[in-house]
A.B. asks: 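I am attaching a structure below and will ask some questions about it afterwards.
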Amino acid sequence: MPYNVDAIFQIAGIGIIVAMMHTVLKQMGKEDYAHWVTLIGFIVVLFMVVMLVQDLFQTIKNVFLFHA
Amino acid sequence: MEIVQVVGLGLVATFLVLVLKEQKPVFAFLLATFTGVIIFLSLIGKIADVLHVLTRLAEQARVNTLFLETILKIIGIAYIAEFGAQVTRDAGQGSIASKIELAGKILIMVMAIPIITMIIETIVQILPT
């Protein structure tokens with residue numbers, strides 16, 4: 001498996017840590033900060049997923065569509 | 001033993017998704033998408049090998065390259081449409097998934113038009129007027 005499987009654990013870790021930070025910030029009464037933390041974590045993970053999906057589509061194009 | 005790796009990856013990812021879904025469902029969905037992409041990427045190398053063999057055989061048999069190219073494009077469209085539809089359906093948007101599948105079918109039909117035209121022209125030539 002040539003692709004970095006560590007990214008799965010990275011995403012899961014980011015999700016768990018963001019959930020913890022969200023809870024802690026909410027307990028401290030800083031709701032808006034909590035939402036910003038969630039949004040930024042989501043953007044980071046979305047960026048990773050989008051890069052991988054772009055890689056997948058490029059590979060599919062190269063394999064099936066004859067570099068079209 | 002690639003299959004052990006794929007199954008192990010799937011099990012680990014499923015466990016992580018279960019843990020994550022309690023806290024943040026969005027991250028769980030992204031993680032599932034990521035896992036699907038990684039599994040597909042690890043398999044596409046094998047598909048490429050098979051396709052190389054097919055291409056070589058078709059060149060040896062002097063098959064018209066239009067046919068092989070069209071078939072490969074159709075398979076590619078089917079894979080992409082299936083992947084997109086599954087990811088969308090995982091996110092709970094079954095109607096959008098149906099539209100993606102419809103688009104895939106229509107595009108495949110458009111791809112097949114030249115071959116159908118060729119077949120019908122051949123039949124018309126064979127038929128006595």
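These figures come from a predicted structure and were not determined experimentally. To find a chain, count down the sequence lines: A is the first, B the second, and so on, and within it residues start at 1.
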A.B. asks: Considering only heavy atoms from C-beta outward, does the side chain of A:Thr38 approach that of B:Lys24 to under 4.5 Å?
C.D. replies: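 Touching, per the 4.5 Å side-chain cut-off.
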A.B. asks: When rounded to the nearest 0.5 angstrom, what distance separates OG1 in B:Thr70 from CD1 in B:Ile116?
C.D. replies: 11.0 Å
A.B. asks: Measuring heavy-atom distances to chain A, does B:Tyr79 have an atom under 4.5 Å in its side chain, in its backbone, in both, or in neither?
C.D. replies: side chain
A.B. asks: Salt-bridge test for B:Glu82 and B:Arg89: reply yes if a basic N is under 4.0 Å from a carboxylate O, no otherwise.
C.D. replies: no
A.B. asks: So what's closer than 4.5 Å to chain A heavy atoms on B:Val12: side chain, backbone, both or neither?
C.D. replies: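 Interface part for B:Val12: side chain.
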A.B. asks: Does any heavy atom of chain A fall under 4.5 Å from the side chain of B:Leu20, the backbone, both, or neither of them?
C.D. replies: side chain
A.B. asks: Can you confirm whether the side chains of A:Gln54 and A:Gln58 place a donor and an acceptor under 3.5 Å from each other?
C.D. replies: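 On atom types as modelled, these side chains do not qualify, holding no pair under 3.5 Å.
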A.B. asks: What I'd like to find out is whether the side chain of B:Gln23 reaches to under 4.5 Å of the side chain of A:Met20, using heavy atoms alone.
C.D. replies: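 No; the side chains remain at least 4.5 Å from each other.
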A.B. asks: So what's closer than 4.5 Å to chain A heavy atoms on B:Val87: side chain, backbone, both or neither?
C.D. replies: neither
A.B. asks: Which answer fits B:Leu31, side chain, backbone, both or neither, if we ask what part of it has an atom under 4.5 Å from a heavy atom of chain A?
C.D. replies: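 Contact with chain A is through both the backbone and side chain of B:Leu31.
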A.B. asks: If you tally heavy-atom pairs under 4.5 Å against chain B, which of A:Val53, A:Val18, A:Val49 wins?
C.D. replies: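 When all of A:Val53, A:Val18, A:Val49 are compared, A:Val49 has the most.
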